[in-house]
Amino acid sequence: MEDIAVDIAGLLVSPIHSYAGRPDDGPRPDPDGRRLESVAVRAGLGLVGDRYFARPAHRRSAVTLFAAESIDAIARELGLPSTPDPLLTRRNVVLRGFPVDELAAGRDHPGALFSLDSGDGPVRFRAHRPANPCRWMDVVLAPGAFRALRGRGGVRCEPLDDGVLRLGPARLRILEPAAGDRQWAASSQLRP
């Protein structure tokens, strides 16, 4: 079991799906309050106030995690003058300090079981499938971002505990690594 210091760099809860329709038409405006200091997590349901909360079809993917380092990398690769806001990816939790894509399940194996603790106690999650980017990334981040984020668009997770996540320093504990061919501990280029 590995315990890793991370930073929760962003939290997003949105009651609407802003990236619906054609990307060329632009996103729908978000209601105020979507960028939060803390979020309430409910086991098997998701994040309180989010559009996927308590929706049966989304229980295994109710919470999405994203590595802030992925945005840093695409900004360099695309030669952007500044790094885009990682919350524009519409992932719920943005972490800095760990390659979250390596938590995802593979074709024939389960994803990692892990916990996040930002000071209010650990909240366990089961990682499932990757959160693949969509064409909207070319509109809201930069042209070429959709392709650049392939393989590093985050991971969809199922919350297993009730709890609270807060912005700032946190601990990520791998309780059970993803099975199969993912070797997160040995291959990470994002960890210090």
Side-chain angles (χ1 to χ4, degrees), residues 1-15 34-71 86-87 89-132 151-188 190-192:
M1 183 170 9
E2 189 166 350
D3 192 8
I4 302 142
V6 295
D7 188 64
I8 298 178
L11 294 169
L12 177 79
V13 172
S14 180
R34 68 184 185 91
R35 295 164 188 263
L36 304 172
E37 295 289 318
S38 66
V39 295
V41 182
R42 296 294 174 256
L45 300 174
L47 302 181
V48 175
D50 194 67
R51 66 194 175 280
Y52 295 123
F53 182 78
R55 300 192 78 189
H58 295 281
R59 296 239 168 110
R60 289 176 51 111
S61 61
V63 179
T64 53
L65 270 67
F66 183 75
E69 291 86 352
S70 294
I71 286 288
L87 288 177
T89 62
R90 304 295 290 173
R91 302 304 185 242
N92 299 119
V93 180
V94 176
L95 291 184
R96 183 166 293 281
F98 187 81
V100 300
D101 296 287
E102 294 182 12
L103 297 169
R107 182 175 299 186
D108 297 318
H109 61 273
L113 175 65
F114 65 97
S115 68
L116 277 172
D117 186 347
S118 58
D120 292 288
V123 179
R124 290 176 309 132
F125 295 89
R126 170 64 76 181
H128 290 290
R129 61 189 172 90
N132 295 318
R152 52 185 169 190
V155 63
R156 297 181 183 282
C157 302
E158 175 182 9
L160 303 177
D161 298 314
D162 289 350
V164 174
L165 295 178
R166 297 181 188 283
L167 289 179
R171 303 300 295 181
L172 179 127
R173 178 172 281 170
I174 306 295
L175 305 170
E176 183 181 295
D181 58 357
R182 293 188 182 269
Q183 300 296 316
W184 60 269
S187 68
S188 171
L190 301 178
R191 292 179 41 198

Side-chain heavy atoms of [X] within contact of [Y], under 4.5 Å:
X      : Y      : answer
Val93  : Leu165 : yes
Pro169 : Asp7   : yes
Leu47  : Leu11  : no
Thr64  : Leu12  : no
Ser61  : Arg129 : yes

Which atom pair, heavy atoms only, marks the closest approach of [X] to [Y]?
X      : Y      : answer
Ser70  : Arg152 : OG-O, 3.3 Å
Phe114 : Cys157 : CZ-SG, 3.8 Å
Ala104 : Ala178 : O-CB, 3.8 Å
Asp162 : Arg42  : OD1-CA, 3.2 Å
Val13  : Gly49  : CG1-C, 3.2 Å
Pro159 : Arg59  : CD-O, 4.3 Å

- Item | Pair Arg171 + Asp117, salt bridge at N-O below 4.0 Å | no

- Task: Given side-chain contact (heavy atoms from CB on, under 4.5 Å), test Leu116 with Leu95 step by step and report yes or no.
- Result: CA-CA 10 Å; Leu116 277 172; Leu95 291 184; 4.1 Å; yes

Gap separating the [atom1] atom of [X] from the [atom2] atom of [Y], nearest 0.5 angstrom:
X      : Y      : atom1 : atom2 : value
Phe66  : Asp101 : CZ    : CG    : 7.5 Å
Leu113 : Leu160 : CG    : CG    : 6.0 Å
Leu45  : Glu158 : CG    : CD    : 10.0 Å
Glu176 : Leu103 : CD    : CG    : 12.0 Å
Leu167 : Ser38  : CG    : OG    : 8.0 Å
Glu37  : Arg166 : CD    : CZ    : 9.5 Å

- Query: With Arg173, which residues qualify under side chain to side chain donor-acceptor pair (under 3.5 Å), at least two apart?
  - Reply: Asp3

- Counting heavy atoms not belonging to Arg126, are there more than 12 under 6.0 Å from its CZ? yes

- Task: Look at the side chain of Glu69 and the backbone N and O of Arg96, then say whether any donor-acceptor pair between them is shorter than 3.5 Å.
- Result: no

- Query: Name the one of Ile8, Leu87, Ile71, Val100 that satisfies side chain to side chain contact (heavy atoms under 4.5 Å, CB included) with Val94?
  - Reply: Leu87

- Message: Could you go through Val63 and Asp50, starting from their C-alpha distance and side-chain angles, then the distance that decides it, and tell me whether this counts as side-chain contact (heavy atoms from CB on, under 4.5 Å)?
- Response: CA-CA 9 Å; Val63 179; Asp50 194 67; over 6 Å; no

